[in-house]
There are 2 protein chains.
Amino acid sequence: MQYLLKYSETMNHEAIFKDRLRAAGERFTTPRLGIFRLLYRQGPLSMPKLIDRAGSEGIDSVTVYRTVELFRRLDFIQEVGLGRQRLLELSDDYEAHHHHLVCGQCGRIIDFDSAAIEAELQRVSRAQGFQLRTHQLEATGLCRQCAATAATA
Amino acid sequence: MQYLLKYSETMNHEAIFKDRLRAAGERFTTPRLGIFRLLYRQGPLSMPKLIDRAGSEGIDSVTVYRTVELFRRLDFIQEVGLGRQRLLELSDDYEAHHHHLVCGQCGRIIDFDSAAIEAELQRVSRAQGFQLRTHQLEATGLCRQCAATAATA
DNA sequence: AATGATATGAAAATAGTTTGCACATGCAGT
DNA sequence: ACTGCATGTGCAAACTATTTTCATATCATT
Ligand SMILES: [Zn+2]
Ligand SMILES: [Zn+2]
Ligand SMILES: [Zn+2]
Ligand SMILES: [Zn+2]
């Protein structure tokens with residue numbers, strides 16, 4: 001079986017990916033790199049979409065399941081639950097930490113980050129004796145455009 | 001078919017539930033009340049668990065799927081994505097608004113709320129022209145007990 | 001109580017996920 | 001670079017979860 005991967009111009013994050021994989025005693029394989037690239041390039045993806053994209057690169061769905069499980073175990077990815085669907089996204093080590101405002105009308109996703117929220121979460125965790133590792137914050141509502149449309153309608 | 005529901009001492013939230021259902025032009029039925037009660041009493045439940053509990057009250061799994069779909073549509077419930085699993089929880093109208101610290105070791109869930117986070121989220125939304133409706137924040141890490149165990153191990 | 005509209009349960013159909021196994025591949029040691 | 005072995009991969013099949021279909025039961029209204 002031949003994989004259809006092309007080598008990208010920037011090797012940086014992929015080198016980090018490889019190192020982290022090896023450091024965990026896991027093998028660096030072509031399908032794993034392929035799935036990593038999809039997540040890196042295509043942003044948050046649902047499982048069905050990821051399986052579909054991977055499929056068109058010759059990667060079997062079973063391998064996607066197993067790789068996602070591996071990535072999750074190694075904290076390479078995190079799952080964000082937007083409404084009813086769960087999306088997979090590279091964790092903060094690869095993607096700058098941020099949160100989401102999701103428009104329930106058009107599906108648009110606005111990224112944001114807030115130092116105030118981060119600090120407050122740290123404070124709350126400390127107060128509870130909780131050793132914070134990761135977190136996600138998602139808000140749903142209407143984006144500027146859809147809110148305007150809804151107002152005139 | 002006989003339902004095994006017993007009437008609870010506090011009728012308050014159930015009356016509200018009934019009213020909200022009727023106001024939306026939906027029927028108030030025994031299975032719907034049963035599922036509402038399960039969620040009210042048993043806190044956040046995964047779909048399999050909810051189906052199981054409902055099953056022991058004589059409610060079919062298909063009805064659970066349809067009812068959850070209805071409750072979601074009417075904003076009676078919200079889905080929180082704790083790690084890999086999705087849990088169903090009554091929305092803030094029934095349950096006081098709060099967020100979760102989830103221990104990745106023992107699964108313990110610590111509820112918390114923070115006025116500072118709420119205010120900041122409002123501010124960010126306003127700045128983006130985003131009309132906020134709901135939001136969820138979940139953090140993962142180690143609870144006090146598990147952190148202590150991990151430190152000594 | 002009778003009526004009409006809708007919800008429900010049971011079965012069947014689909015879709016999503018996991019498992020078992022033969023073969024392919026990554027990688028450590030030569 | 002070549003070899004050997006441990007592990008990853010794809011395929012098929014098992015299994016589980018979810019949706020659809022339809023006859024019957026239940027709800028709200030008259
Ligand atoms: Zn929008
Ligand atoms: Zn954050
Ligand atoms: Zn714990
Ligand atoms: Zn909040």
Using the ring of each side chain (for Trp, its six-membered ring), is H135(B) parallel, tilted or perpendicular to H99(B), with breaks at 30° and 60°? tilted
Keeping Q136(A) on the side-chain end and E79(A) on the backbone end, is there a donor-acceptor pair under 3.5 Å? yes
Measure distances between side-chain N and O atoms of R32(B) and base N and O atoms of dA7(C), and say whether any donor-acceptor pair falls under 3.5 Å. no
In whole Å, what is the span from the CG atom of L33(B) to the C1' atom of dA7(C)? 15 Å
Hey, is the side chain of T29(B) poking within less than 4.0 Å of OP1 or OP2 on dA28(D), counting only N and O atoms? no
Under a 4.0 Å N-O cut-off, is there an ion pair linking R66(B) with E69(B)? no
Think Y65(A) has a side-chain N or O under 4.0 angstrom from the OP1 or OP2 of dT17(C)? yes
Between dA5(C) atom C1' and F28(B) atom CZ, what is the distance in whole Å? 19 Å
Could you state the atom-to-atom distance from CG of L70(A) to P of dT17(C) in whole Å? 18 Å
Tell me whether the side-chain N/O atoms of T63(A) come closer than 4.0 Å to OP1 or OP2 in dG8(D). no
From CE of M47(A) over to P of dT16(D), roughly how many Å is that when rounded to an integer? 19 Å
Has the side chain of R66(A) got a donor or acceptor atom sitting under 3.5 Å from an opposite partner on the base of dG10(D)? yes
Separation of dG16(C) atom P from L50(A) atom CG, nearest Å, is 14 Å
What is the distance from CZ of R27(B) to P of dG4(C), rounded to the nearest Å? 14 Å
Decide ring-ring contact (aromatic ring centres under 6.0 Å, His included) for F76(A) and F17(A); before the verdict, give the C-alpha distance in whole Å, the side-chain angles of both, and the deciding distance to 0.1 Å. CA-CA 9 Å; F76(A) 285 12; F17(A) 165 69; 5.8 Å; yes
Counting the atoms with a prime plus P, OP1 and OP2 as sugar-phosphate, which does E69(B) contact under 4.0 Å by heavy atoms, base, sugar-phosphate, or nothing? nothing
Given dA28(D), is OP1 or OP2 found less than 4.0 Å from the side-chain N or O atoms of R22(B)? yes
Rounded to whole angstrom units, what separation is found between the CD atom of E26(B) and the C1' atom of dA7(C)? 10 Å
Atom-pair distance (CG on D60(A); P on dA22(C)), nearest Å: 17 Å
Would you call the rings of Y40(A) and H13(A) parallel, tilted or perpendicular if under 30° counts as parallel and over 60° as perpendicular? parallel
